[in-house]
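Just below is one structure, and these are the notes that go with it.
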2 protein chains.
Amino acid sequence: MTNENLELKKAGLKVTLPRVKILNILESSDTRHMSAEDVYKSLLESGDDVGLATVYRVLTQFESAGLVLRHNFEGGHAVFELNNDDHHDHMVCTETGEVIEFCDPVIEKRQKEIAAEHGYEIVDHSLILYVKPKKS
Amino acid sequence: MTNENLELKKAGLKVTLPRVKILNILESSDTRHMSAEDVYKSLLESGDDVGLATVYRVLTQFESAGLVLRHNFEGGHAVFELNNDDHHDHMVCTETGEVIEFCDPVIEKRQKEIAAEHGYEIVDHSLILYVKPKKS
DNA sequence: CTAATTGCAAAAGCTTTGCAGCGCA
DNA sequence: TGCGCTGCAAAGCTTTTGCAATTAG
């Protein structure tokens with residue numbers, strides 16, 4: 001049994017064609033961050049006839065199962081990426097749209113401390129830097 | 001001339017009733033962070049007949065003018081707050097919806113450094129901590 | 001007076017949902 | 001076979017836009 005199928009089973013999801021195909025696209029795409037529309041178009045290009053509604057449903061199920069992460073960058077639509085369990089934040093280039101991942105222990109630590117100072121603990125967090133190439 | 005009117009003039013916007021009223025609501029509301037819908041409902045409650053479309057248009061103009069800031073917290077709708085020129089980030093309580101503002105120099109500094117390490121400079125950033133009350 | 005602004009309704013864009021039919025276990 | 005899944009179309013939500021009427025300067 002393939003790796004994808006195992007992941008689906010573990011998530012308690014039936015191994016269906018649309019789910020396997022969507023998982024494949026997320027795994028093989030060279031852009032790690034895709035919108036539902038991106039995934040949908042990618043399916044169409046591969047000649048696979050999957051409805052957009054199904055793409056949304058499957059991505060939402062994957063998110064609940066912890067297989068993918070959903071981000072709300074600016075621009076009105078959500079983007080999804082495979083969850084590799086290596087937490088990171090994002091830097092989005094405002095000129096090229098390029099997305100760079102990073103993780104900074106100093107920031108992570110301060111976040112926890114700040115929440116604690118206010119009597120809270122962190123459930124989740126979202127840090128996005130909107131950047132542009134530096135003139136050197 | 002009132003303070004609000006001056007702010008509008010400075011922003012190059014005609015001093016119209018809807019604009020003054022919306023600015024007033026933002027200034028006098030006890031919840032600093034309001035959605036367009038919140039502002040709209042608040043207007044209706046005051047007996048002011050302003051269209052929702054106008055609320056959106058005015059808030060967008062205010063944002064362009066630097067009078068307000070727009071944030072995309074989770075939940076599918078944007079929230080607006082008056083821009084006091086004191087930069088801060090946000091902590092949103094997932095249980096009560098309460099919004100707490102904070103600013104941490106250590107994090108701010110690291111953000112700039114990280115962007116620079118990748119050859120970028122920061123245009124804008126968004127840091128939101130989703131938190132819950134800590135069991136003590 | 002004239003250009004900017006508004007209100008209404010319609011449209012747009014992303015996402016979700018109802019339902020009948022299809023497919024995996 | 002049976003329940004879950006899919007596709008389609010329709011609806012939902014927030015936000016934007018076209019246009020005629022109104023208003024500020």
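The model shown is predicted, which means the values in this text are computed figures rather than measured ones. Convention: sequence-line order gives letters A, B, ...; per-chain numbering from 1.
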Quiz prompt | Helical bend (five base pairs per end, nearest 10°) for the helix from C/dC1-D/dG25 to C/dA25-D/dT1 | solution =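 End axes: 30° apart.
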
Side-chain polar contacts of residues 44-52 of chain A - donor-acceptor pairs under 3.5 angstrom, sequence neighbours left out - could you list them?
unit_1: A/S46; atom_1: OG; unit_2: A/S42; atom_2: O; d: 2.9
unit_1: A/D48; atom_1: OD1; unit_2: A/K21; atom_2: NZ; d: 2.8

Self-check item: Interface with DNA chain C, restricted to residues 39-63 of chain B and to heavy atoms under 4.0 Å
Solution: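 The stretch gives B/D49, B/V50, B/G51, B/A53, B/T54, B/R57 as the residues lying under 4.0 Å from the strand, ordered by number.
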
Quiz item: In residues 29-37 of chain A, which ones come under 4.0 Å of DNA chain C, going by heavy atoms?
Solution: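 Those residues: none at all.
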
Quiz item: Among D/dT6, D/dC3, C/dT5, which nucleotide sits nearest the side chain of A/K14?
Solution: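 The answer is D/dC3, which lies nearest to the side chain.
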
Quiz prompt | Residue pair B/D89 / B/H125, side-chain donor-acceptor N/O under 3.5 Å | solution =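 Per modelled atom types, B/D89 and B/H125 side chains form a pair under 3.5 Å.
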
Self-check item: Which residue lies more 5' along DNA chain D, comparing A/P18 with B/N72 via nearest heavy atoms
Solution: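 The residue closer to the strand's 5' end, by nearest nucleotide, is A/P18.
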
Is there a donor-acceptor pair closer than 3.5 Å between any side-chain N or O of [X] and the backbone N or O of [Y]?
{"X": "B/S35", "Y": "B/V79", "value": "no"}
{"X": "B/S29", "Y": "B/I25", "value": "no"}
{"X": "B/N72", "Y": "B/A78", "value": "no"}
{"X": "B/Y130", "Y": "B/E74", "value": "yes"}

Exercise. Following the transitive rule for hydrophobic clusters with a side-chain heavy-atom cut-off under 4.5 Å over Ile, Leu, Val, Met, Phe, Trp and Tyr, establish whether B/M34 and B/L23 coincide in one cluster.
Key: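 Hydrophobic grouping puts B/M34 with B/L23.
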
Whole angstrom is fine here: how far is it from [atom1] in [X] over to [atom2] in [N]?
{"X": "A/K21", "N": "C/dC24", "atom1": "NZ", "atom2": "P", "value": "11 Å"}
{"X": "B/L17", "N": "D/dT23", "atom1": "CG", "atom2": "C1'", "value": "10 Å"}
{"X": "B/H71", "N": "D/dT14", "atom1": "NE2", "atom2": "C1'", "value": "18 Å"}
{"X": "B/I22", "N": "C/dT6", "atom1": "CD1", "atom2": "P", "value": "8 Å"}

Quiz item: In chain order, what residues pass the side-chain contact (heavy atoms from CB on, under 4.5 Å) check against A/E81, with sequence neighbours excluded?
Solution: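 With neighbours one apart ignored, the set is A/R32, A/H33, A/L69, A/H71, A/H88, A/H90, A/E101.
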
Quiz item: For B/R19 and C/dA4, is the shortest distance between a side-chain N/O and OP1 or OP2 below 4.0 Å?
Solution: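 The answer is no; no side-chain N or O of B/R19 sits under 4.0 Å from OP1 or OP2.
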
Please list, one pair per line, the donor and acceptor atoms closer than 3.5 Å that link side chains of residues 13-20 of chain A to other protein atoms, with sequence neighbours excluded.
unit_1: A/R19; atom_1: NE; unit_2: A/K14; atom_2: O; d: 3.1
unit_1: A/R19; atom_1: NH1; unit_2: A/Q61; atom_2: OE1; d: 2.8

Quiz item: Parallel, tilted or perpendicular for B/H118 and A/F102, by the 30°/60° rule?
Solution: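 It falls in the tilted class, 30° to 60°.
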
Practice problem: Could you tell me whether B/E63 and B/R70 make a salt bridge, using a distance below 4.0 angstrom between a side-chain N and a carboxylate O? | Solution: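 Looking at B/E63 and B/R70, the cut-off is met.
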
